[in-house]
Amino acid sequence: MYLLDNYELNAASFKADFKNCSDFLFREVKICEKRAFFMAMDGLVDTLQVNRLIIQPILNAEIKTETAYKSFEIIKSSVAGAIELKDIVTFEECEFLLMSGFAVFILEGCPHALAMGVQGWNRRSTDEPTNEAMVKGAKECFVETLNDNKALLRKRLKTPHLKLKQINVGKSAKTPVVIAYIDNQADSDLIEEIEERIRNASLDTVPDYGCIKAFLSTDLKSFFPSVGNTERPDVLASKLLEGRVGIMVEGTPFVIYVPYLFTDNFSSLDDYNNPPFYSSFIRVLKYISFLISCFLPAFYVAVGAHHQELIPTTLLYIVAASEETTPFPLVVEAVIIHILYEIMREAGLRLPKPIGHAVSIIGAIVIGEAMVTAGIIGEPMLVVVALTAISSYVVYPLYESVAIIRIIFILLAGFAGIYGVILGIGVLFMNISALNQYGIPYSVPLSPLTVSSIGDTVIRENWRKLSKRKVNVNNLKGAD
């Protein structure tokens, strides 16, 4: 609905919309024989700036014009001191900007409003990242304030080619969402498709980035994430330089980006600060840890239950002696201990930190030892589960996926032995290869093999070679 040139109707409409809102600030004034009013939301604006940059200059101005619109233009161009000014014409825009930390000024007889940015709410400082710790990387992370996140990214990428396009998403309550990209790196069709998906998202509001994530992911069912997320500005900057597109959501310290590749789960910025030989060694360890976390319990169950001839004699005796005292078959043991592990992990994660640490200690020592002593779980199974749990944390971005895949493979091993495990591995790798998000295969550069990009996948070449390669994910479209 458009603003009116009728002062009383404009004022009455805003008062009605914000009825019973104790944080709604409304002040009526008189400027050069014309009535006017200021509006702001308490707690979202810096009151000192409102008084110094907006109210005092406008009240002290001597404006003599024929029409209210000319007076409004003079106030906008030469009186108001705020650097962020917006000329708006609808009630909806006024209310959205009010709740975004703007002060709004409306003059009698003019169907326009002047919104001035004077944000002043409390915000969290850019502390050290908690989920993506780097030994030799930067110690700053994104926060919940969208403007601060844009500034952190702009500080990293000092180029006018960095574009931060803001749109509002939500039917009931609008939420600012920023699409970040480098215009001479990202594909224009990719940007348009992402913006269209976000605009068409049927959401009442956007409480967190996970809501947007669902509309950007691939339609093919898979356990693996097809949308990346990060809390580090340096990581996002490196992804944008590769031609990817980032999406920032107001109120969350995580930024999502697409396209996301399977190999992204095995690399970190620390890889590029360490010597190439050590970084390559760590990456190989990550791939090995992924295989262990997915398949080790399943292979143990398959061999122990169906293919005992594959176990060395000495080890077979140890396994048999341990399992002789347990009441459950191997497959049931494995499922029980993994479910108990996930319960203890979730309890330790959601509880306050001091209590969470206590739960972890009790779960690892008391419960585990008690179950072995009572003969409910065999000692070799506990060792396998412990090794699997540690390995799953090495590739933490895939933890949620691996937790479910692991149990599925245990069940396959229990029913069909090693043949079921091999069949499951084939289906799993087929699913990874079938994912094709925005025309870019999820499994590149491993499958299909892209020789030009393989030097930064399983191994990490030195910077002399990496600096000569122009990495851009959009060039991988032809790989399929």
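In terms of heavy atoms, Val458 sits closest to Arg283 at O-CB, 3.3 Å. Scanning both residues, Gln437 and Ser217, for their nearest heavy atoms gives NE2-CA, 3.9 Å. Considering all non-hydrogen atoms of both residues, Arg27 and Val29 come closest at NE-CG1, 3.7 Å. Across all non-hydrogen atoms, the minimal contact from Ser401 to Phe224 is OG-CA, 3.7 Å. Listed here is the closest heavy atom pair of Arg199 and Lys165: NH2-CE, 4.5 Å. Between Arg197 and Phe215 the shortest heavy-atom distance is CD-O, 3.2 Å.
Between the Asn149 side chain and the Val143 main chain, a donor and an acceptor come within less than 3.5 Å of each other. A donor-acceptor pair is defined here as one N or O able to donate and one able to accept, closer than 3.5 Å; such a pair exists between the side chain of Thr205 and the backbone of Ala173. A donor-acceptor pair is defined here as one N or O able to donate and one able to accept, closer than 3.5 Å; no such pair exists between the side chain of Glu84 and the backbone of Gly117. No donor-acceptor pair closer than 3.5 Å links the side chain of Asp23 to the backbone N or O of Leu44. Remark: side-chain polar atoms of Thr67 are paired, donor with acceptor, to backbone N or O of Lys70 under 3.5 angstrom.
The shortest distance between side-chain heavy atoms of Leu162 and Arg154 falls below 4.5 Å. Counting heavy atoms from C-beta on, the side chains of Asn10 and Leu3 come closer than 4.5 Å. Between Phe105 and Ile54, the closest side-chain pair of non-hydrogen atoms is not below 4.5 Å. Taking 4.5 Å as the limit, some side-chain heavy atom of Phe91 sits within range of a side-chain heavy atom of Ser13. Using a 4.5 Å cut-off on side-chain heavy atoms (C-beta onward), Phe96 and Asn168 make contact. Proximity of Glu95 to Asp17: side-chain heavy atoms (C-beta onward) are separated by under 4.5 Å at one or more points. Here the side chains of His338 and Thr388 are in contact, with some heavy-atom distance below 4.5 Å.
Side-chain contact check for Asn274 and Ser279: no donor-acceptor pair (N or O, by modelled atom type) lies under 3.5 Å. Tyr7 and Glu28 share a side-chain donor-acceptor pair at under 3.5 Å. A donor atom on one side chain and an acceptor atom on the other are found under 3.5 Å apart for Asp127 and Ser125. In this model, a donor atom of one side chain and an acceptor atom of the other lie less than 3.5 Å apart for Ser71 and Thr65. Side-chain atoms of Gln119 and Ser100 include no donor-acceptor pair closer than 3.5 Å. Residues Tyr278 and Asp271 have side chains that never bring a donor and an acceptor to within less than 3.5 angstrom of each other.
Less than 6.0 angstrom separates the ring centroid of Phe290 from the ring centroid of Phe262. Here the two rings, on Phe26 and Phe14, have centers that are 6.0 Å apart or farther. Between Phe409 and Phe295, a ring centre-to-centre spacing shorter than 6.0 Å is recorded.
Taking CD from Glu195 and CD1 from Ile198, the interatomic distance works out to 7.5 Å, rounded to the nearest 0.5 Å. Separating the CD1 atom in Ile63 from the CD atom in Glu73 is a distance of 11.5 Å, to the nearest 0.5 Å. The CG atom of Leu428 sits 6.5 Å away from atom SG of Cys294, with the distance rounded to the nearest 0.5 Å.
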| said: Before you tell me yes or no, could you show the steps for Arg156 and Glu140 under salt bridge (Lys or Arg N to Asp or Glu O under 4.0 Å), namely the whole-Å CA-CA distance, both residues' side-chain angles and the distance that decides it to 0.1 Å? | reply: CA-CA 12 Å; Arg156 285 276 172 181; Glu140 62 181 8; 3.6 Å; yes

| Could you walk me through whether Tyr257 and Tyr181 pass the ring pair (Phe, Tyr, Trp, His ring centres under 6.0 Å) check? | CA-CA 10 Å; Tyr257 60 89; Tyr181 60 93; over 10 Å; no

| said: Between Thr457 and Thr263, is the side-chain hydrogen bond (donor to acceptor under 3.5 Å, both in side chains) condition met? List the steps. | reply: CA-CA 7 Å; Thr457 306; Thr263 54; 5.4 Å; no

| task | Decide yes or no on side chain to side chain contact (heavy atoms under 4.5 Å, CB included) for Arg460 and Ser267, but give the supporting numbers first. | result | CA-CA 9 Å; Arg460 204 273 282 179; Ser267 63; over 6 Å; no

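By the neighbour-count criterion of 12 heavy atoms within 6.0 Å, atom NZ of Lys163 is densely surrounded, having more than that number from other residues, nucleotides or ligands. Counted within 6.0 Å of CD on Glu8, heavy atoms from surrounding residues, nucleotides or ligands total more than 12; the atom is thus considered enclosed. More than 12 heavy atoms of other residues, nucleotides or ligands shown are found within 6.0 angstrom of CZ on Arg124. No more than 12 heavy atoms of other residues, nucleotides or ligands lie within 6.0 Å of CD1 in Ile83, so this atom counts as exposed by the packing criterion.
Taking the six-membered ring for Trp and thresholds of 30 and 60 degrees, Tyr341 and Tyr393 have ring planes more than 60 degrees apart, a perpendicular arrangement.
A side chain to side chain donor-acceptor pair (under 3.5 Å) with Arg244 holds for exactly one of Asn474, Asp264, Asn472; it is Asp264.
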